Amino acid sequence: MTDTVISVKELRKSYGQVTAVDGLDLEIPRGQMVAILGPNGAGKSTLLNMVLGLLSPDSGTLEVLGGPPKQAVAQGRVGAMLQEADLVEEVTVGELISAVVALYPQGREVGKLLSDTGLTSLRGRRLGKLSGGQKQRVRFALAIAGSPDLYVLDEPTVGLDVESRRDFWREVASLAEMGGTVLFATHYLAEAEAYADRIVLLANGRVVADGSVATIRSMVPFRLVECTLTDPDDGKLSGLPGVTSAELRGERVTLRTTDSDATLFALMAAYPDAHDIDVGGVDLEDAFVTLTHEEN
Ligand SMILES: Nc1ncnc2c1ncn2[C@@H]1O[C@H](COP(=O)(O)OP(=O)(O)OP(=O)(O)O)[C@@H](O)[C@H]1O
């Protein structure tokens with residue numbers, strides 16, 4: 001059995017004049033939890049739809065579980081949760097989930113599936129009567145109903161409240177612990193930071209960064225120096241060695257710098273009363289903005 005779950009080489013897809021995926025290479029091994037990040041229009045959904053066999057590439061190769069995506073999906077080895085997938089309104093949660101579980105050779109036990117996805121109390125309710133977040137939980141239950149090898153989740157936590165999000169990620173982590181491979185797209189960077197083993201950052205249909213959160217953060221050649229000053233002066237701070245930008249919020253100052261040592265020495269000389277000083281790397285959000293802007 002192959003240990004590569006997704007293998008993508010030189011993948012391209014355009015819609016008329018718009019190039020959505022532009023020569024993408026990606027290998028995802030079994031058991032990895034991979035977040036696909038990128039600004040609006042970066043090509044995330046197009047990539048996921050090709051992985052699910054819903055869209056055909058224009059060129060390049062794409063294999064899922066060692067064969068064409070449609071084959072892996074037909075074998076029930078891929079579970080998907082798509083943005084705003086429609087649900088039949090008239091049937092109840094229990095009826096739908098039982099019917100879908102029965103389609104799979106390795107369908108999960110319905111009662112356990114309902115409790116794992118927080119749907120037990122909604123079992124008898126018609127889908128048309130569910131709230132947006134409850135529908136999202138049903139979509140998740142459908143994605144995991146067949147105990148697939150690969151989970152493809154497109155913005156899975158949109159519409160979920162704080163507690164449901166936490167429960168959702170706990171469940172996804174347990175799927176990965178049991179050897180499942182998870183590929184998810186999200187705009188919630190904190191979720192990617194907390195749960196992904198690996199981040200693939202897309203911009204304009206290309207991979208601009210690929211690695212752990214720490215790797216992605218270290219790709220940005222800036223550090224942040226934060227401190228509290230009495231009477232900070234924007235112009236003076238921006239002129240300190242290494243500083244590329246200064247942000248002032250009252251007396252709290254954040255300096256972006258390419259040379260934190262030089263900045264710090266100059267800062268202490270210019271403002272001897274500087275206190276509560278923090279020096280650190282950029283966070284994932286800063287790295288995201290910097291790396292995707294460079295691409296543009
Ligand atoms: N059916 C379509 N017809 C024409 N253009 C499309 C179609 N679907 C997507 N596009 C375009 O392809 C590009 C990539 O879109 P895609 O939906 O893959 O991006 P995304 O990263 O998922 O974006 P978002 O974060 O906004 O969901 C965008 O420029 C988009 O406008």
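This chain uses plain numbering: 1 for the first residue, then up along the sequence. Every number for a ligand or one of its atoms is a count from 1 in the order of the listing. If you're wondering where the values come from, they're calculated on a predicted model, not measured in any experiment.
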Among all protein non-hydrogen atoms, which one is nearest to atom 14 (C) of ligand 1, and what is the separation to 0.1 Å?
-> Gly41 O, 3.4 Å
heavy-atom search around atom 21 (O) of ligand 1 in the protein gives Lys44 NZ, 2.8 Å
Verify the neighbour count for atom CD of Glu226: are there more than 12 heavy atoms of other residues, nucleotides or ligands below 6.0 Å?
-> yes
Within-shell test, Gly205 vs ligand 1, heavy atom, strictly < 4.0 Å | no
Nearest-contact summary for atom 30 (C) of ligand 1 - protein heavy atom, Å | Val18 CG1, 4.7 Å
Phe184 six-ring face occupied by Lys44 cation (under 6.0 Å, within 45°) = no
Any cation-pi pair here, Arg77 with Tyr104, using under 6.0 Å and within 45°?
-> no
Atoms in ligand 1 with a heavy atom of Ala20 nearer than 4.0 Å = 12 (O), 13 (C), 14 (C)
Check ligand 1 against Ala42 and write out every atom of the ligand that is under 4.0 Å from a heavy-atom position of the residue.
-> 19 (O), 20 (P), 21 (O)
Is Gly38 near ligand 1, meaning one of its heavy atoms is under 4.0 Å from it?
-> no
Under 4.0 Å from atom 4 (C) of ligand 1, is there any protein heavy atom?
-> yes
Nearest protein heavy atom with distance in Å, relative to atom 17 (O) of ligand 1 = Ser45 CB, 3.8 Å
min-distance protein heavy atom vs atom 26 (O) of ligand 1 -> Asn40 ND2, 2.9 Å
Take atom CZ of Arg166 as the centre, draw a 6.0 Å sphere, and report whether it contains more than 12 heavy atoms from other residues, nucleotides or ligands.
-> no
Output yes when Glu247 and Arg249 qualify as a salt bridge under the 4.0 Å nitrogen-oxygen rule, no when they do not.
-> yes
If we only count heavy atoms from C-beta on, is the Val138 to Leu119 side-chain gap below 4.5 Å?
-> yes
Protein contact to atom 19 (O) of ligand 1 [nearest heavy atom, distance to 0.1 Å] = Gly43 N, 3.2 Å
Side chain to side chain contact (heavy atoms under 4.5 Å, CB included) partner of Arg12, the single match among Leu24, Val21, Asp22 | Asp22
Shortest protein heavy-atom distance from atom 6 (C) of ligand 1, along with the residue and atom involved | Tyr15 CD1, 3.2 Å
A student checking ligand 1 against Pro39 at a 4.0 Å heavy-atom cut-off should list atoms 21 (O)
Name the closest protein heavy atom to atom 16 (P) of ligand 1, giving the residue it belongs to and the distance to 0.1 Å.
-> Thr46 OG1, 3.6 Å
Check against side chain to side chain contact (heavy atoms under 4.5 Å, CB included), Thr61 and Glu63 = CA-CA 7 Å; Thr61 58; Glu63 284 191 349; 5.7 Å; no
Does Glu191 pair with Arg165 as a salt bridge, N-O distance under 4.0 Å?
-> yes
